[in-house]
Amino acid sequence: MTLRLARRTTAPLALGTAGIAVAALLTGCVPNAGTAGGATTVLDVTAASDACTVSKAEAPSGPVTFRVKNTGDKVTEFYLLGENKLSIVGEVENIAPNSTRDLTVVADPGSYFTACKPGMVGANVGQAAFTVTGTATALSGDDQKAADAAVASYVGYVKAQASELLPSVQKFVDAYEAGKDDEARRLFPLARVSYERIEPTASQFGDLDPAIDYRKPGAEAEGIPFTGFHRIEMDLWLDQAKKQYPNEQLAPLDQAGRKQVGDKLVADVTKLHDLVNSKDFTLTLADITNGAVSLLDEVAAPDGKLTGEENEFAHTDLYDFTANVEGAQVAFETVKKIAESKGPEGKKLVAELDRQFAGMLDLLAQYGSFEKGFVDYSTVDQNARNELGAQLNALSEPLSKLTHTVLGLPASK
């Protein structure tokens with residue numbers, strides 16, 4: 001089963017809000033002049049507070065756009081899940097109340113599931129089976145050669161980052177388990193860099209991303225153990241955690257507790273490393289381009305880096321912010337020549353993305369670097385955060401068009 005994904009933003013990023021929901025209705029088709037062939041089926045999704053309604057549970061293979069309207073009172077997200085109901089093969093996040101965003105997929109035949117998540121935490125709402133019928137789509141020979149080269153390049157990048165991640169996490173955990181807290185605090189943001197660059201890949205492997213990187217509120221909302229990076233973060237910055245959660249009896253972990261959470265983080269990162277280095281691991285062009293969009297959504301999410309809630313105790317969000325942007329830039333660079341080959345509009349988009357990525361990274365560099373360290377994010381005032389958010393939106397808007405351009409899909413109307 002193969003699914004090539006494309007995501008298009010039709011509303012500005014929702015910053016400083018919390019929540020998500022989705023649902024869909026068939027509205028019709030628009031011609032598709034792209035390489036995937038066929039017409040784009042447009043399905044309206046209604047994302048309510050307690051429902052996720054898709055008008056049709058079936059679509060023909062080829063381009064399918066889920067047009068998600070949030071009718072609830074919380075920010076929401078919409079998922080297209082794999083047959084196992086765990087793998088996220090496509091998602092659109094940060095859909096503010098009364099706004100609409102699109103998720104476009106170039107889908108091969110197979111069984112999938114649709115679902116929404118109001119509030120962006122907790123259990124899925126309205127999960128339902130979705131079927132793609134027909135025959136598998138194919139790119140032209142020249143396009144396929146370029147796509148294969150881009151995918152091979154990016155898969156190599158993911159494997160390299162996973163290989164860098166494992167020893168960094170081991171070094172961090174070793175310091176933590178040995179009680180070298182100052183060293184562990186120094187290593188905490190650095191150990192996360194490679195993970196943040198490729199996080200959308202981890203989210204493809206079911207519950208692996210939650211185990212590695214869920215924050216306390218998310219784990220508790222979904223009723224899963226609070227483990228991974230942020231469980232160790234809470235222990236290392238316990239005084240800050242007590243201020244954050246004054247009504248809870250938080251206590252430091254003993255040596256056995258430290259070993260348990262530390263060893264589990266290493267085991268989960270090892271599993272991620274092994275999965276991306278397996279002979280069966282591959283990605284598609286749309287995995288790459290949608291992953292770039294997802295990385296910026298990670299920054300802009302209500303509980304993300306821009307709001308300062310990702311690393312709520314350590315305040316090291318600028319490390320993660322920069323790593324997310326770098327990861328998105330690598331994804332863009334991987335498909336850049338393909339986008340340029342799509343004509344004047346493709347060249348125009350590439351030039352704009354070059355400019356906006358440079359602007360975003362230049363702005364982040366004002367706050368530090370991985371080598372010298374970044375400032376404590378709690379010291380960054382609201383005006384400065386607004387400036388970061390404005391540049392993030394300026395980058396996110398053209399990036400949301402990248403998949404349509406690379407796959408040769410028409411813009412949904």
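Only this structure's heavy atoms are used, side chains among them; waters, hydrogens and symmetry mates stay out.
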Evaluate the criterion side chain to side chain contact (heavy atoms under 4.5 Å, CB included) for residue pair Thr100 and Ile95; output intermediate values, then yes/no.
CA-CA 7 Å; Thr100 301; Ile95 312 168; over 6 Å; no
Check whether the side chains of Asp235 and Tyr176 place a donor and an acceptor atom closer than 3.5 Å, and report yes or no.
yes
Should the pair Lys336-Glu340 be classified as a salt bridge under the 4.0 Å nitrogen-to-oxygen rule?
no
Short N-O contact, Asp213 and Arg192, less than 4.0 angstrom:
yes
Shortest non-hydrogen contact between Ala339 and Thr405, atoms and distance:
O-CG2, 4.0 Å
Residues Gln366 and Asp362: side-chain donor-acceptor under 3.5 angstrom:
no
Just say parallel, tilted or perpendicular for the rings of Phe357 and Phe332, cut-offs at 30° and 60°.
parallel
Quick check for you: to the nearest 0.5 Å, what is the distance between Leu407 atom CG and Thr284 atom OG1?
8.0 Å
Any heavy-atom pair between the side chains of Leu275 and Leu208 that's under 4.5 Å?
yes
Could you walk me through whether Lys342 and Asp143 pass the side chain to side chain contact (heavy atoms under 4.5 Å, CB included) test, one step at a time?
CA-CA 10 Å; Lys342 301 302 180 179; Asp143 283 346; 3.6 Å; yes
Non-hydrogen side-chain atoms of Glu326 and Leu361 separated by less than 4.5 Å:
yes
Are the side chains of Thr114 and Leu80 in contact, using a 4.5 Å heavy-atom criterion?
yes
CG on Leu265 to CD1 on Ile232, rounded to 0.5 Å
5.0 Å
Which atom pair, heavy atoms only, marks the closest approach of Pro225 to Ala219?
O-CB, 4.0 Å
Can Glu222 and Tyr214 be counted as having a side-chain donor-acceptor contact under 3.5 angstrom?
yes
When you check the gap from the basic side-chain N to the acidic O, do Arg186 and Glu183 get nearer than 4.0 Å?
yes
Intermediate values then yes/no, side chain to side chain contact (heavy atoms under 4.5 Å, CB included), Leu285 and Tyr154:
CA-CA 9 Å; Leu285 275 183; Tyr154 192 76; over 6 Å; no
Ala314 and Phe188: which non-hydrogen atoms are nearest, and at how many Å?
CB-CE2, 3.9 Å
Between Asn324 and Glu298, is any side-chain donor less than 3.5 angstrom from a side-chain acceptor?
no
Within the 4.5 Å heavy-atom criterion, are Ser61 and Thr133 side-chain neighbours or not?
no
Donor-acceptor side-chain pairing of Glu387 and Gln391 below 3.5 angstrom
no
Under a 4.5 Å cut-off applied to non-hydrogen side-chain atoms, are Tyr112 and Tyr79 in contact?
no
How long is the gap from CG on Asn393 to CG on Leu399, to the nearest 0.5 Å?
12.0 Å
Would you check if there is a donor-acceptor pair between the side chains of Asn311 and Asp320 at a distance under 3.5 Å?
yes
Go through it in stages, so that I can follow the logic: the residues are Glu310 and Arg215, the test is salt bridge (Lys or Arg N to Asp or Glu O under 4.0 Å), and I'd like the CA-CA distance, side-chain angles, deciding distance and then a yes or no.
CA-CA 7 Å; Glu310 173 74 14; Arg215 295 173 55 249; 5.5 Å; no
Would you give the length of the straight line joining atom CG of Asp317 to atom CD of Glu196, rounded to the nearest 0.5 angstrom?
9.5 Å
Quick one: is the NZ or CZ of Arg67 closer than 6.0 Å to the six-membered ring centre of Phe78, and within 45° of its axis?
no
Minimal non-hydrogen separation, Ala394 against Pro398, with atom names
O-CD, 3.0 Å
Lys117 versus Asn124, side-chain donor and acceptor atoms under 3.5 Å:
yes
Roughly how far, to the nearest 0.5 Å, is the NZ atom of Lys305 from the CG atom of Leu364?
12.5 Å
For the atom pair OG1 (Thr270) and CD (Gln170), what is the distance rounded to the nearest 0.5 Å?
7.5 Å
Any chance you could lay out the side chain to side chain contact (heavy atoms under 4.5 Å, CB included) test for Leu306 and Phe321, step after step, and finish with the verdict?
CA-CA 8 Å; Leu306 187 60; Phe321 194 149; 4.0 Å; yes
Mind listing the closest non-hydrogen atom pair of Glu312 and Pro217 along with its distance?
OE2-CD, 4.1 Å
Over all heavy atoms of both residues, which pair between Ala211 and Thr227 is shortest? Give the atoms and the distance, please.
O-OG1, 2.8 Å
Are there over 12 heavy-atom neighbours, none belonging to Lys347, within less than 6.0 Å of that residue's NZ?
yes
Parallel, tilted or perpendicular: ring planes of Phe281 versus Phe205, cut at 30 and 60 degrees:
tilted
Geometric class of the Phe374/Tyr319 ring pair [parallel <30°, tilted 30-60°, perpendicular >60°]
perpendicular
Between Asp181 and Arg258, is there a side-chain N and carboxylate O pair less than 4.0 Å apart?
yes
Do Thr104 and Asp102 have a side chain donor and acceptor closer than 3.5 Å?
no
